[in-house]
Asker: 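Once you've had a glance at the structure underneath, I'll fire off some questions.
When a ligand or atom number is given, it counts from 1 through the structure's own listing order. Fair warning: this is a prediction, and the values are worked out from it, not measured in the lab.
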Amino acid sequence: MLAVAVLAAGKGTRMKSQLPKVLHELGSRSLVQLALDSVADLGPDRQLVIVGYGGEQVKAALGDQAELEFVEQAQQLGTGHAIQQLLPVLDGFEGDLLVLNGDVPLLRPSTLETLLTTHRQNNNAATVLTAQMADPTGYGRVFCTDQGILTEIIEHRDCTPAQRQNPRINAGVYCFNWSKLAAILPHLKADNDQQEYYLTDVVKDLSPVMAVDVVDAAEIQGINNRQQLAAAYDALQDRIKTDWMAAGVTLIQPDSITIDPTVTLAPDVVIEPQSHLRGNTTIATGCRIGPGSLVENSTLAENVSVLFSVVSDSAIAANTRVGPYAHLRGAANIGAGCRVGNFVEVKKSTIGDGTNVAHLAYLGDATLGNRVNVGAGTITANYDGQKKHPTTIGDRTKTGANSVLVAPVNVGEGVTVAAGSIVTKDVPDGALVVARAKQTVIPDWQPKPAAD
Ligand code: UD1
Ligand code: CA
């Protein structure tokens, strides 16, 4: 049996934030969520999140995951005190407890698997994830015998200058034999510089305890302040981009590109400079994103291009070209082989295949058929000041430049809307609608001389 506990009760004073530290984000995912993501592959039987400072906020942020059990640590008296709160919850639990710090978000699943395997194969009382750090400042130092048995962990602030020379640090990730841990947990003392109950103190009273060095020290960087948050973001980005390039994605000037961990890309996607892919975004093969685009919570089918544009909460079918300077948002559903071009905004609208909206248009709450041509400057006037209203435009209809379709209104199939029209009533299939003042020409007009 495997239980996982994530320590997420601390305030994170050094973040200087209203938000609990573990709810700060790296690429649209909170730190605590990333910690939980890293254990998913191990298939834990129980998942406990220890909450305290901002507990309601943390619970709300993770609330939709029924498999999580929240354990309250009302006062934050240290990491050992946090794990003491599990004593009643895991009473009688037989198995191992994997402890993660909620502020260590970059662990690879394979690292945790190695930790657990080492722990179980050696029948350890505890196994601690460690790393050799070029700059170990701030971390607890891990001391081992020549035989590789871990004897003690001392917090940076409690170390002598000589002890601080030890580059081996505690990652804040541990495997414990739960019943052995549970037997000594009640006896922790707070005799240290911070007068806190340290989880790290238990290693002195357990045996055997082993250390497992992580291969890539970037994985275990903890986040205590905004600089470390930024450094972890860079490390995560490096990893994500390396993985996507290995999977056949072209990134042009990767340093100028950001990709959230939740994004999925197919081989032969090309991402151009200054482009940002966020949230639950999926991009199919042959797409070309950027330069200068933001795609967020959106699905793009094959061979779509998005040039200098923003696409959020939307779907685009194959071979459609978006941009330059388009804004698709709030459930814009664009068909295949369309053009949505220069200075066009599309909101909560469905557009059929082969339809062009090439210049200076706004489509909101609209449904367009196939092969419609939306002329430059066409606007669906969907808002009457109180409510939004729908517009429908049938297949093959053409709207002239600068036409306004005042919703609710239905324009049929094969309609021609004359330029400059303000359409307020439904138009049947095949009609020409002209809804503008007739041009008046007065010949030989002599302007009146200006009065002085
Ligand atoms: C801890 C370790 C240190 C290790 C480092 C790795 C201890 C005593 N020290 O130090 O050896 O090198 O992590 O990043 O464990 N928390 C609670 N309740 C509390 C206190 C903290 O839930 O009462 C949570 C925090 O929200 C955080 C985690 O525990 O997610 C770690 O706490 P933090 O204060 O950041 O510990 P460090 O000083 O970083
Ligand atoms: Ca920390």
Side-chain angles (χ1 to χ4, degrees), residues 4-15 17 19-24 30-36 38 48-55 57-59 61-62 70-86 99-107 126 128-133 135-143 150 152-159 163-164 166-174 176 181 185 188-204 209 211 213-214 217-226 228-229 231-232:
V4 169
V6 179
L7 299 180
K11 175 170 192 268
T13 313
R14 290 165 279 180
M15 294 298 281
S17 175
L19 196 66
K21 173 166 68 177
V22 295
L23 291 187
H24 282 261
S30 67
L31 301 183
V32 62
Q33 184 63 62
L34 287 163
L36 287 164
S38 64
L48 307 136
V49 182
I50 300 169
V51 295
Y53 179 83
Q57 262 174 292
V58 176
K59 279 194 227 174
L62 299 172
F70 294 99
V71 179
E72 194 87 18
Q73 185 197 16
Q75 269 185 299
Q76 289 81 55
L77 305 179
T79 50
H81 179 256
I83 295 298
Q84 283 175 340
Q85 312 309 308
L86 299 181
V99 174
L100 304 179
N101 275 358
D103 64 351
V104 180
L106 300 181
L107 291 164
V128 180
L129 192 67
T130 57
Q132 312 276 348
M133 289 285 228
D135 178 12
T137 310
Y139 289 97
R141 302 299 201 284
V142 174
F143 297 88
L150 195 158
E152 202 174 3
I153 302 175
I154 308 177
E155 288 309 292
H156 178 90
R157 58 205 303 160
D158 299 310
C159 280
Q163 287 169 331
R164 283 186 188 166
N166 177 1
R168 194 174 210 176
I169 65 99
N170 168 27
V173 179
Y174 324 79
F176 293 104
L181 177 66
L185 262 182
L188 283 177
K189 294 201 176 63
D191 50 4
N192 51 58
D193 184 50
Q194 292 195 97
Q195 309 214 317
E196 283 188 0
Y197 297 91
Y198 286 167
L199 179 59
T200 45
D201 284 347
V202 300
V203 299
K204 284 182 287 198
V209 181
D213 266 333
V214 70
E219 276 186 54
I220 53 88
Q221 48 191 297
I223 294 170
N224 299 313
N225 57 42
R226 308 269 181 163
Q228 288 169 334
L229 185 70

Asker: Would you say Ile50 contacts ligand 1, with heavy atoms under 4.0 Å as the rule?
Answerer: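 No, Ile50 has no heavy atom closer than 4.0 Å to ligand 1.
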
Asker: Under 4.0 Å from a heavy atom of Ala8: which atoms of ligand 1 are those, numbered in the order shown and with their elements?
Answerer: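 Answer, ordered by atom number: 22 (O), 26 (O).
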
Asker: Using a 4.0 Å cut-off to any heavy atom of Leu77, which atoms of ligand 1 qualify?
Answerer: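 The atoms of ligand 1 under 4.0 Å from a heavy atom of Leu77 are 23 (O).
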
Asker: I want to check something: taking the side chain as every heavy atom from C-beta on, are Leu106 and Gln221 in contact at a cut-off of under 4.5 Å?
Answerer: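 Yes, at least one pair of side-chain atoms sits under 4.5 Å.
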
Asker: Within the 4.5 Å heavy-atom criterion, are Val49 and Val71 side-chain neighbours or not?
Answerer: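 Heavy-atom side-chain distance check fails, nothing below 4.5 Å.
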
Asker: What I'd like to find out is whether the side chain of Glu155 reaches to under 4.5 Å of the side chain of Thr200, using heavy atoms alone.
Answerer: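 Yes, close enough: below the 4.5 Å cut-off.
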
Asker: Could an N or O of ligand 1 be found under 3.5 Å from any N or O of Val22, whether backbone or side chain?
Answerer: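 Between Val22 and ligand 1, no N or O pair is found under 3.5 Å apart.
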
Asker: Among Ala82, Gly172, Gly78, Gly102, which one puts a heavy atom closest to atom 20 (C) of ligand 1?
Answerer: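 Going through Ala82, Gly172, Gly78, Gly102 one by one, Gly78 has the nearest heavy atom to atom 20 (C) of ligand 1.
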
Asker: Would you mind listing which atoms of ligand 1 come within a distance below 4.0 Å of any non-hydrogen atom of Ala171?
Answerer: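 Counting from 1, the qualifying ligand atoms are 6 (C), 14 (O).
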
Asker: I'd like to know whether OH of Tyr197 has more than 12 heavy-atom contacts from other residues, nucleotides or ligands below 6.0 angstrom.
Answerer: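 It does not: Tyr197 OH has 12 such atoms or fewer within range.
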
Asker: Please indicate whether any nitrogen or oxygen in Asn101 is less than 3.5 Å from any nitrogen or oxygen in ligand 1.
Answerer: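 Looking only at distances, the answer is yes, because the N/O contact criterion of under 3.5 Å is met.
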
Asker: If you measure from CE on Met133 to CD1 on Ile220, what distance do you get to the nearest 0.5 Å?
Answerer: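 One gets 3.5 Å once the value is rounded to the nearest 0.5 Å.
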
Asker: Which atoms from ligand 1 have a heavy atom of Lys21 less than 4.0 Å away?
Answerer: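 Near Lys21, meaning under 4.0 Å from one of its heavy atoms, ligand 1 has 35 (O).
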
Asker: Can you figure out which of Thr13, Leu129, Thr79, Val58 has its heavy atom closest to atom 32 (O) of ligand 1?
Answerer: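 The option holding the nearest heavy atom is Thr79.
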
Asker: Does the Arg168 side chain pair with the main chain of Gln132, one donor and one acceptor, at a distance under 3.5 Å?
Answerer: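 It does not hold such a pair.
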
Asker: With heavy atoms of Gln76 as the reference, note each atom of ligand 1 found under 4.0 Å away.
Answerer: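 So the answer, numbered in order with elements, is 19 (C), 23 (O).
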
Asker: Can you see whether Thr137 engages His156 through a side-chain donor-acceptor pair at a distance of less than 3.5 angstrom?
Answerer: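 Note: Thr137 and His156 side chains miss the donor-acceptor criterion.
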
Asker: Please evaluate residues Leu7 and Asp103 with respect to the criterion side chain to side chain contact (heavy atoms under 4.5 Å, CB included), reporting the C-alpha separation (whole Å), side-chain torsions for both, the decisive distance (0.1 Å), and the verdict.
Answerer: CA-CA 8 Å; Leu7 299 180; Asp103 64 351; over 6 Å; no

Asker: So if I count the atoms of ligand 1 from 1 in the order they appear, which ones are less than 4.0 Å from some heavy atom of Asn224?
Answerer: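 Heavy-atom distances to Asn224 below 4.0 Å select 35 (O), 39 (O).
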
Asker: Using distance alone, decide if ligand 1 has a nitrogen or oxygen within less than 3.5 Å of any nitrogen or oxygen in Gln75.
Answerer: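 In this structure, Gln75 places no N or O atom under 3.5 Å from an N or O of ligand 1.
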
Asker: If every non-hydrogen atom of Glu219 is compared with every non-hydrogen atom of Val104, which pair is closest and at what distance?
Answerer: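 Heavy-atom minimum between the residues: O-CG1, 4.2 Å.
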
Asker: So is Gly222 polar-close to ligand 1, meaning N/O to N/O under 3.5 Å?
Answerer: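 No, there is no polar N/O contact under 3.5 Å.
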
Asker: For ligand 1, is there an N or O atom under 3.5 Å from any N or O atom of Gly140?
Answerer: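 Between Gly140 and ligand 1 (N or O atoms, distance only) the closest approach is under 3.5 Å.
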
Asker: Return the set of residues passing salt bridge (charged side-chain N to carboxylate O under 4.0 Å, His left out) with Lys11 (not counting sequence neighbours), or none when no residue passes.
Answerer: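 With sequence neighbours excluded, Lys11 shows a salt bridge (charged side-chain N to carboxylate O under 4.0 Å, His left out) to no residue whatsoever.
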
Asker: Under the 3.5 angstrom rule, does the side chain of Arg14 hit a backbone N or O of Asn225 as a donor-acceptor pair?
Answerer: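 Checking the backbone N and O of Asn225 against the side chain of Arg14, no donor-acceptor pair under 3.5 Å is found.
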
Asker: Output the list of atoms in ligand 1 that are nearer than 4.0 Å to some heavy atom of Tyr198, sorted by atom number.
Answerer: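 Counting from 1, the qualifying ligand atoms are 8 (C).
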
Asker: Quick one: which of Arg157, Arg14, Glu155 has a heavy atom closest to atom 11 (O) of ligand 1?
Answerer: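 The residue whose heavy atom sits nearest atom 11 (O) of ligand 1 is Glu155.
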
Asker: Thr200 versus ligand 1: do any nitrogen or oxygen atoms come within less than 3.5 Å of each other?
Answerer: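 By distance alone, the answer is no.
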
